[in-house]
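Start at 1 and go down the list; that is how both ligands and their atoms are numbered.
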Amino acid sequence: MKTVTLSTLQAMKEQNEKISVLTCYDATFAKIANDAGVDALLVGDTLGMVLQGYDSTLPVTTEQMAYHTACVKRGNTHSFIISDMSFMSYATPEDALKNAGLLMQAGAHMVKLEGDLWLSETIQKLTQNGVPVCAHIGLTPQSVNVIGGFKVQGKSDEQANNILNAAKQLEKSGAAMLLIECVPSDLATKISQSVTIPVIGIGAGAGTDAQVLVLHDMLGLNNRPAKFVRNFMGGQPSIQAAIKAYVDAVKDGSFPSVVHQYS
Ligand code: KIV
């Protein structure tokens, strides 16, 4: 299979080809996901919840993100690797530069940061230094204590406008990708159509350029899955077949369906 780069993903957006993204934290699953045809692997800080058992992503450190990125890198043959910057590791542009460097040296092709307009300067600095950035907007789990829970964002007109403006501004600042989490699907669709860079959605409906799910959720290992999760393991003979079913469903637009979206 051909190596997936940022240019590949950009071309997929331009050709209206849906992009499949899946979280991944180790070499074995990286290989399985590669063989199942996943375009991009996200070494998410959800590892704090699904691997480490915490109730949020806040305890995860840069060292842990670098460790898991290196594990994924070793199992990866051709997928694009995005790594999350951990809570507080990009509080200043200087911190961001130092910590993003560690993730890139561990094997990431891009880093992901959560926030809105305040990320602009950091995105510029990282991009100038050779680090492509995905900006995570909408529900930003590292801010769970500010938001007051894992809640759908962008429900009021004012909130929706703020998120749309942030998306446009972050693209102008140099973000090469956006990830939008838990927003009404019409807002996510509007954002995807308003920017030229690929937009990954989770809990954001079918109108985004790409979809991501947490590996453990789509394998049915979470006994309290969110509304936007589908268990792809049901009826499948192997984990690779389940991941392939996810890739196929993203590509043909059958996932997410209306039951997985917020309106
Ligand atoms: O950390 C993560 O896995 C994520 C997903 C929820 C998209 O950011």
**Prompt:** With the 4.5 Å side-chain cut-off for hydrophobic clustering, are Phe87 and Ile147 part of the same group?
**Reply:**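 Yes; Ile147 is reachable from Phe87 via cluster members.
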**Asked** What side-chain hydrogen bond (donor to acceptor under 3.5 Å, both in side chains) pairs are there with at least one residue in residues 43-57, not counting sequence neighbours?
**Response**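 Applying side-chain hydrogen bond (donor to acceptor under 3.5 Å, both in side chains) to every pair that reaches into residues 43-57, excluding sequence neighbours, yields Tyr25-Thr46, Asp45-Gln142, Gln52-Gln64.
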**Prompt:** What is the distance from atom CG of Asp39 to atom CG of Leu22, rounded to the nearest 0.5 Å?
**Reply:**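 Going from CG on Asp39 over to CG on Leu22, the span is 11.0 Å.
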**Item:** From Thr208 atom OG1 to Ile180 atom CD1, the distance as rounded to the nearest 0.5 Å
**Value:**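 The distance works out to 9.0 Å.
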Show the short N or O contacts, below 3.5 Å, that ligand 1 makes with protein N or O atoms; if there are none, say 'none'.
residue: ligand 1; atom: 1 (O); partner: Asp45; partner atom: N; Å: 3.1
residue: ligand 1; atom: 1 (O); partner: Asp45; partner atom: OD1; Å: 3.0
residue: ligand 1; atom: 1 (O); partner: Thr46; partner atom: N; Å: 3.1
residue: ligand 1; atom: 1 (O); partner: Thr46; partner atom: OG1; Å: 3.4
residue: ligand 1; atom: 1 (O); partner: Asp84; partner atom: OD2; Å: 2.9
residue: ligand 1; atom: 3 (O); partner: Thr46; partner atom: OG1; Å: 2.5
residue: ligand 1; atom: 8 (O); partner: Lys112; partner atom: NZ; Å: 2.8

**Message:** Testing the 3.5 Å rule here: is there a donor-acceptor pair between the side chains of Thr196 and Glu171?
**Reply:**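 Yes.
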**Whether Asn34 side chain and His78 backbone form a donor-acceptor pair below 3.5 Å** =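 Side chain of Asn34 to backbone of His78: a pair is present.
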